[in-house]
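So the structure is just underneath, and the comments pick up after that.
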Amino acid sequence: MPVPMLLAEGVHKRYGHLEVLKGISLEVEASQVLCLLGPSGSGKSTFLRCINHLEKINSGRLWVDGTLVGYAERNGRLHELPEREVCRRRTQIGMVFQRFNLFPHLTVLENVVTAPVVVKGEARPVVTERARRLLDRVGLSSKVDAYPNQLSGGQQQRVAIARALAMEPKLMLFDEPTSALDPELVGEVLDVMRDLASDGMTMVVVTHEIGFAREVGDTLVFMDGGVVLEEGPPREVIASPRHERTRSFLSKVL
């Protein structure tokens, strides 16, 4: 049987006495798109950050392409990996945040080139060629020499996507990538994400863009209070939610 690209089993995350994730179990096959939906504070973004070990889980297991995230398991117990090994494994997971987090002092091209050269030690000419292809793919080939403050929010987010793709990840994570954008700029970012999905990129997307989830998602998961309340095919969940909390939420966002 093929190994899932993402497998979460009983993931718990606490901050002091506050339990944010209360046993999340999910599976995403290669080339699938999982959309996470739910109210603020439901644990969606925390779960996303746990996938690439930006947050350390308290219990449970997370695998990406069959490899434990952030830990090695010996005699049934988890042992955290050295930071260098965590960073090495994290290069396989691309992440796009709500805020673009571009380096303001670097051009668009240098924002995309820097991580593969510095983190992975790749040759700059090879990475530069890849970066130019990616920027062309996201419609920004004419902006390679611009600086972030010369771009619109939608353009900056597309640079952020190209930057994540430059690391050649197996899995892409999107944490509400359009929430900081003006409404007229949302479409250009979603178009890039649709293109990635059609090319077979495995994606986990925290979003309130119901139309995108319905059209592009293979699975829709509704979270609230740190647990998964409902999951299934997006069209089915959106049209006929089984859980009352899902119905209540969708009635306010549709």
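Worth saying up front: this structure is predicted, and the values here are computed from it rather than measured. Keep in mind that the numbers below use all heavy atoms, side chains included, and drop hydrogens, waters and symmetry copies.
Remark: K13 is positioned above the aromatic ring of Y15, its terminal NZ or CZ atom under 6.0 angstrom from the ring centre and at most 45 degrees off the axis.
Within the 4.5 Å cutoff, the side chain of T91 has no heavy atoms near those of the K170 side chain. Residues L21 and M223 have side chains in contact (heavy-atom distance under 4.5 Å, counting atoms from C-beta outward). A heavy-atom distance below 4.5 Å is found between the side chains of V112 and V159. Residues R130 and P116 form a side-chain contact, since some pair of their non-hydrogen atoms from C-beta on lies under 4.5 Å apart. Put simply, the side chain of I210 reaches to within 4.5 Å of the side chain of L37, judged on heavy atoms. Between Y147 and L102, every side-chain heavy-atom pair lies at or beyond the 4.5 Å cut-off. Within the 4.5 Å cutoff, side-chain heavy atoms of L62 are placed close to those of L6. Between M193 and M203 the shortest side-chain heavy-atom distance falls below 4.5 Å.
Between the R49 side chain and the E55 main chain, no donor and acceptor come within less than 3.5 Å of each other. In terms of modelled atom types and a separation under 3.5 Å, the side chain of K143 and the main chain of V108 share no donor-acceptor contact. Panel note: side chain R14, backbone K22; no donor-acceptor pair is recorded below 3.5 Å. In this structure, E110 contributes its side chain and T107 its backbone to no donor-acceptor pair below 3.5 Å. Of the possible polar contacts, one joining the E230 side chain to the H243 backbone as a donor-acceptor pair under 3.5 Å is found. For R194 (side chain) and V216 (main-chain N/O), no donor-acceptor pair under 3.5 Å exists by modelled atom type. Under the 3.5 Å distance criterion, the side-chain polar atoms of K56 are left unmatched by any main-chain donor or acceptor of E80. Side-chain atoms of E236 do not come within 3.5 Å of backbone N or O of P233 as any donor-acceptor pair. At least one donor-acceptor pair under 3.5 Å links the side chain of R247 to the backbone N or O of P241. Panel note: side chain N111, backbone L106; a donor-acceptor pair is recorded below 3.5 Å.
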Original post:
Which is it for D224 and S42 under the side chain to side chain donor-acceptor pair (under 3.5 Å) test, yes or no, and what are the steps along the way?
Top reply: CA-CA 4 Å; D224 193 23; S42 60; 5.4 Å; no

Original post:
Run the side chain to side chain donor-acceptor pair (under 3.5 Å) check on S25 and E9 step by step: do they pass?
Top reply: CA-CA 4 Å; S25 296; E9 290 186 352; over 6 Å; no

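Remark: L68 CG to L78 CG distance equals 6.5 Å, nearest 0.5 Å. From D195, atom CG reaches atom CG of L190 across 12.5 Å, with rounding to the nearest 0.5 Å. Here the CG-CG distance, from L220 to L250, works out to 7.5 Å after rounding to the nearest 0.5 Å. In this structure, CD1 in I161 is found 11.0 Å from CZ in R163, a value given to the nearest 0.5 Å. Expressed to the nearest 0.5 Å, how far CZ of F97 lies from CG of L48 amounts to 8.5 Å. Here the straight-line distance linking atom CG of N58 with atom SG of C50 works out to 8.5 Å at 0.5 Å rounding.
For H12, the side chain to side chain donor-acceptor pair (under 3.5 Å) partners are E19, not counting sequence neighbours.
Salt bridge E85/R88: present, at least one basic N to carboxylate O contact under 4.0 Å. The pair D175-R99 fails the salt-bridge criterion, with no side-chain N (NZ, NE, NH1 or NH2) lying under 4.0 Å from an Asp/Glu carboxylate O. A salt bridge does not link R77 with E73: every distance from a Lys NZ or Arg NE/NH1/NH2 to an Asp or Glu carboxylate oxygen is 4.0 Å or more.
Aromatic rings from H53 and Y71 are positioned such that their centres are separated by under 6.0 Å.
L229 and V253 end up in the same hydrophobic cluster when Ile, Leu, Val, Met, Phe, Trp and Tyr side chains are linked at under 4.5 Å. Neither L54 nor F174 shares a network with the other; the hydrophobic side chains, linked directly or stepwise wherever heavy atoms of I, L, V, M, F, W or Y lie under 4.5 Å apart, form separate groups for each. In the hydrophobic clustering of ILVMFWY residues, with side-chain heavy atoms under 4.5 Å counting as a link, M95 and F100 come out apart.
Of all the heavy atoms in V33 and M201, the pair that sits closest is CG2-O, 4.4 Å. Nearest heavy-atom pair across S251 and S248 is OG-O, 2.6 Å. Minimum heavy-atom separation, G200 to S31: O-OG, 3.1 Å. When all heavy atoms of P169 and G94 are compared, the closest pair comes out as CB-N, 3.4 Å. For the residue pair A8 and V11, the shortest heavy atom distance occurs at CB-CG2, 4.0 Å. Here the shortest heavy-atom pairing between P234 and A213 reads CB-O, 3.3 Å.
The side-chain contact (heavy atoms from CB on, under 4.5 Å) test with L171 is passed by exactly one of D65, V28, N52, I51: I51. The side-chain hydrogen bond (donor to acceptor under 3.5 Å, both in side chains) test with T178 is passed by exactly one of E209, E188, H208, Q98: E209.
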